Structures are given as C-alpha cells and as structure tokens.
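Remarks on the structure that follows.
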Protein chains: 2
Amino acid sequence: MLTRSEEDHLKAVHALLEGGASAANKDVAERMGTKASSVTMMLKKLADKGLLKLEPYHGVKLTAKGRAEALKLVRKHRLWETFLVERLGFGWDEVHEVAEQLEHVRSEKLTDHLAEYLGDPAFDPHGDPIPDRHGRITARNMRPLPAVGTGERVRVAAVKDGSDALLQLLGRKGIGIGKVFTVRDRQDFDQSLELVAADGIHLTLSAKAAAHLWVEPASPRERRAP
Amino acid sequence: MLTRSEEDHLKAVHALLEGGASAANKDVAERMGTKASSVTMMLKKLADKGLLKLEPYHGVKLTAKGRAEALKLVRKHRLWETFLVERLGFGWDEVHEVAEQLEHVRSEKLTDHLAEYLGDPAFDPHGDPIPDRHGRITARNMRPLPAVGTGERVRVAAVKDGSDALLQLLGRKGIGIGKVFTVRDRQDFDQSLELVAADGIHLTLSAKAAAHLWVEPASPRERRAP
DNA sequence: CTTTTATTTTAGCCTCATCTAATTTTTATT
DNA sequence: AATAAAAATTAGATGAGGCTAAAATAAAAG
Ligand SMILES: [Mn+2]
Ligand SMILES: [Mn+2]
Ligand SMILES: [Mn+2]
Ligand SMILES: [Mn+2]
C-alpha cells in the first residue's frame with residue numbers, strides 16, 4: 001500500500017514523463033515543493049516497491065505497475081475535479097488543491113461509483129483525459145495553439161499545466177474547453193495571437209498564455225465539447 | 001492546523017463525552033485502535049493546542065474551541081455519509097470507513113457546497129444529526145427502543161454506534177430510519193422484542209440489537225422521515 | 001486500611017518524511 | 001582536457017506518531 005507521499009511522488013514522475021521530459025530529480029522536487037534529497041529517498045522507496053526503475057544519477061522509468069498505479073491516481077484526481085465543477089459549482093480554477101486531497105481517499109467502490117454518477121466522463125474540466133477503470137485514455141488530435149497557422153479554425157481541447165491565475169485569465173476572456181475560434185493574426189514582435197471567436201468577438205492572447213492552450217481542428221461552423 | 005491523527009483523537013473524545021461517558025484514556029485508545037501511551041501523547045498535544053483541558057490521571061474536558069472543531073469534523077463525516085448513500089448508492093453499512101477518510105479533506109468551500117448540494121440535510125443515513133455550519137444540531141425526543149413500553153407506536157430515529165454487521169442485520173429485517181412500528185411484546189426470558197410494522201408484518205429483535213435503535217414517538221398512523 | 005488490580009504516565013525505541021550540509025557524479029564552459 | 005557549475009546522492013538531524021516495558025497512580029477487593 002502506498003503512502004500519500006509516495007502516491008504524490010509517483011504522480012509527479014508520471015506527469016513529467018508523460019509530458020515528454022525526463023523526470024529529473026530536481027523537477028520532481030520542484031513539483032513536490034520539497035528538496036532533492038527527499039526526492040532521492042522517495043524514489044528509492046518507489047523502486048523498492050517495484051513501481052519504477054531507478055538508475056542512480058540517470059533518472060527513472062516507470063514500470064507497468066507504476067504506470068497503472070499512477071493512472072489510477074490521475075483518474076481519481078480528474079473525476080473529483082469534474083465532480084467539484086459540475087456538481088458543486090466550483091470554478092475550474094478552484095478545484096486542483098481540493099482534488100489533490102480527495103485523490104488519496106482509498107476505495108475502489110467510491111471511485112467507480114463516482115465515475116458512474118458523473119456519467120463516466122472522458123475529460124476533466126481542464127480538458128485533460130480521464131483514464132477509465134483499466135487506465136485507457138481517449139486519444140485526440142491536439143496541438144498547442146502557437147503551432148496553429150493563421151486562418152485555421154480550431155476548438156479548445158485542453159488547458160495544459162494551467163495555474164489558477166492562467167485559468168482565471170482565460171475565464172475572463174471567455175475562453176473555455178470547447179470554445180471555437182479562428183486564428184486571425186500573429187504579431188511578429190511578441191508572437192501574441194489575434195483570435196476571432198465564433199460569435200465574431202475579437203481577442204488577443206499572449207504567446208505565454210497560448211502555449212498552454214491545446215486545440216483540435218474544428219471543421220468550419222462545427223461545435224462539440226469534450 | 002490539526003493533523004489527521006489529532007482530528008481523529010478529538011473526534012473520539014467528543015463522541016465519548018457526548019455519549020455521557022467520561023473519555024477515559026483506554027476508551028479513546030480502543031476507539032483509535034492504538035495503545036494508551038499513544039493516547040496520552042496525543043491528548044497532551046490537543047491540550048497544548050487549547051482544544052481540551054487535561055487533568056493528568058483524571059481525564060479530559062473539551063474546551064469551546066475543541067467542541068467546535070469536533071463538531072466540524074462530525075459535520076463533514078455525516079455529510080459525506082449522506083452523499084455516499086443518497087447520491088452514489090452505497091448501503092448504510094458501507095459508508096463509515098470511506099467517510100472516515102473524506103472527513104479530513106480540508107476545504108470550507110467544499111463542506112458548504114456539499115451541504116448545499118445535498119439540501120442541507122439535518123440527519124445522516126444512520127439518523128445521526130448533522131451539525132450546521134455553526135455547530136448547531138436539531139434537537140429530538142428519542143429513547144432507546146428497550147425503554148419503550150408494549151403497545152407504544154414509535155418511529156426509528158437513529159441507529160446508535162451501529163457496526164456494519166448490525167446495520168446489515170437491520171437491513172435484512174427491513175428496519176431503517178423512519179420505519180414505524182408498534183412494540184407488541186417483550187419476552188421475559190431474554191428481553192427480546194416482538195414488533196409489528198405499519199404494514200402488519202411481525203418481527204423479533206434481540207435486546208442487544210434493540211439497544212442500538214433509538215426511536216421517537218409516532219402518533220398513530222403518522223409518517224415522517226428525518 | 002492494606003493489598004491487589006487496573007489505569008495512566010513516563011522512558012526509550014522505531015519508522016516515515018522531511019531538512020541541511022557535505023560529498024560525489026555529471027554536464028557545461030573555458 | 002581541465003575546470004567550473006549543476007545535479008544527485010549520502011550522512012546526520014528533526015518531529016510526528018506509533019510501539020513496548022517500566023514506573024506511578026488510582027480504584028477495587030479484602
Ligand atoms: Mn495529492
Ligand atoms: Mn485537471
Ligand atoms: Mn477519520
Ligand atoms: Mn453516521
């Protein structure tokens with residue numbers, strides 16, 4: 001049985017590896033808000049428990065068991081976020097911290113009943129995929145917004161690594177999951193983007209904010225929410 | 001800020017004192033599943049934090065602060081139990097352990113939104129009162145079933161200290177909160193009770209089981225659920 | 001009013017999860 | 001390739017929260 005701290009470390013490693021990066025000790029420490037030496041200790045424990053392979057000084061790789069365990073945590077975290085937003089009326093910028101606690105509640109029955117209660121959602125309020133009971137994830141065809149060419153029509157599919165501040169900013173601009181718009185222009189000076197929403201409203205987004213917006217192709221005039 | 005263990009100890013003390021008993025060290029230890037020496041240490045910590053007054057060798061008394069804190073925990077525990085039964089379809093004998101974990105999630109907003117979502121219930125699935133945001137509890141006129149005279153018509157208001165096994169037994173006999181019946185007879189030999197339900201069905205209840213059933217007067221033919 | 005038993009407290013030990021400081025190893029820069 | 005900088009590991013400390021065993025105290029029995 002994993003402790004809460006072990007669970008959070010495993011999740012941090014998973015999130016880093018999933019994001020393409022190599023889960024360097026210092027990155028895990030930064031995510032966890034602890035020191036590198038503490039991370040070394042925890043990673044050893046996780047390796048002992050067969051959840052990851054540890055090559056001292058050269059980083060970690062998740063085992064199949066570790067990946068499965070991490071996906072269970074991700075599932076719980078995102079189900080709770082969905083519950084908080086869709087049932088309790090939380091804003092999408094208010095749920096992370098609470099879900100960070102709720103995800104550690106141990107009860108298979110609770111997780112499965114919660115999923116069913118919510119209609120087995122495939123995406124959380126930030127557009128992140130919710131693994132099913134077996135760890136399977138719905139595949140999508142997404143790119144970060146800065147990779148989109150001018151003139152293209154896209155739909156917001158997810159906000160990746162969105163801080164609460166970013167989520168609030170997007171909220172104030174009326175940008176949410178499922179929002180459809182066309183990339184009108186890109187400023188040479190600062191790479192900021194000019195967007196035109198489906199309702200004709202124009203808005204500007206900094207390159208920094210745009211980097212967190214992942215979008216999927218929207219065939220002209222189509223509409224669908226994940 | 002209280003740790004999880006401190007919270008559980010405080011709750012144990014509160015439950016014992018509320019039940020009329022004096023929260024003896026060994027009783028707390030038994031509730032917590034730990035040893036008396038561990039309890040001594042935790043009670044010292046709680047006393048240091050101003051939650052209770054500790055008279056060495058002579059037991060504890062809750063301070064106003066301690067009582068308020070305990071009631072917040074009770075509120076959370078019972079709200080979660082209600083959620084699990086009413087929304088997720090758990091049985092009333094399956095919720096305690098999970099609520100024992102959920103009660104420690106720290107978020108005022110979560111607690112209040114959950115209460116509102118559930119319709120600010122005054123009683124949990126076992127008939128125990130749910131304190132409101134200010135710790136106030138709905139008063140009731142209850143007696144344990146063994147104190148009821150033959151011929152009296154009563155409504156089940158709560159199951160006190162019900163183990164999962166007892167709750168299952170009651171469930172199988174069709175006894176739940178709000179159930180109305182008449183005490184038909186009491187056996188001299190073992191104090192077991194003969195009951196007649198509103199629908200005319202007869203059933204027998206051991207003195208041991210009956211001791212956990214708390215009932216309120218039911219005027220003939222009335223019906224109401226807490 | 002003693003003596004025995006039950007309860008509580010104290011003392012000393014352990015594991016977990018963190019820290020700081022020192023050391024080792026890897027990576028980057030001259 | 002040598003040196004400097006960055007990152008990771010090890011070593012040793014701390015505090016929380018538990019344990020067992022011993023000592024102190026209170027309660028019950030005689
Ligand atoms: Mn967490
Ligand atoms: Mn999310
Ligand atoms: Mn608890
Ligand atoms: Mn209850």
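By convention in this document, chain letters (A, B, ...) are assigned in the order of the sequence lines, proteins followed by strands, and residues within each chain are numbered from 1. All of these numbers come straight from a predicted model, not from anything done at the bench.
Put simply, the side chain of A:Ser5 and the base of C:dT18 share no donor and acceptor less than 3.5 Å apart.
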Under 3.5 Å, sequence neighbours excluded: what are the donor-acceptor pairs made by side chains of residues 54-62 of chain A?
| unit_1 | atom_1 | unit_2 | atom_2 | d |
| --- | --- | --- | --- | --- |
| A:His58 | ND1 | A:Pro56 | O | 3.2 |

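Distance B:Glu6 CD to D:dG18 P: 10 Å, rounded to the nearest Å. One interatomic measurement links the two molecules: CD of A:Glu55 to P of C:dT26, which rounds to 11 Å at whole-angstrom precision. Between B:Asp8 atom CG and D:dA16 atom C1' there is a gap of 15 Å when expressed in whole angstrom units. Rounded to whole Å, atom C1' of C:dA6 lies 15 Å from atom NZ of B:Lys35. Taking atom CE on B:Met41 and atom P on C:dT10, their separation rounds to 7 Å, with Å as the unit. A:Leu46 places its CG atom 13 Å from the P atom of C:dC16, with the value rounded to the nearest Å. Rounded to whole Å, the distance from CZ on A:Arg4 to C1' on C:dT18 is 15 Å.
Looking at B:Asp128 and B:Lys160, a side-chain N of the basic residue comes within less than 4.0 Å of a carboxylate O on the acidic one, giving a salt bridge.
For an aromatic pair to be called close, the ring centres must be under 6.0 Å apart, and B:His96 with B:His126 fails this.
Between A:Glu103 atom CD and A:Leu73 atom CG the span is 6.0 Å, to the nearest 0.5 Å.
At the phosphate of C:dT9, neither OP1 nor OP2 sits under 4.0 Å from any side-chain N or O atom of B:Lys44. Between A:Ser38 and C:dC19 there is a side-chain polar atom (N or O) within less than 4.0 angstrom of OP1 or OP2. An OP1 or OP2 oxygen of D:dT9 is reached within less than 4.0 angstrom by no side-chain nitrogen or oxygen of A:Ser37.
A:Lys49 meets the salt bridge (Lys or Arg N to Asp or Glu O under 4.0 Å) test with A:Glu6; sequence neighbours excluded.
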Self-check item: Trace of the side-chain hydrogen bond (donor to acceptor under 3.5 Å, both in side chains) decision for B:Glu216 with B:Asn141
Solution: CA-CA 6 Å; B:Glu216 46 186 11; B:Asn141 173 25; over 6 Å; no
Quiz item: Just by protein heavy atoms under 4.0 Å, how would nucleotides 3-8 of chain D read 5' to 3' in B, S and -?
Solution: ----SS
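Remark: C:dT30 base-pairs with D:dA1; criterion is Watson-Crick or G-U wobble with both hydrogen-bond distances under 3.5 Å.
Remark: A:Arg87 qualifies as a cation-pi partner of A:Tyr117 under the 6.0 Å distance and 45° angle criteria applied to the six-membered ring.
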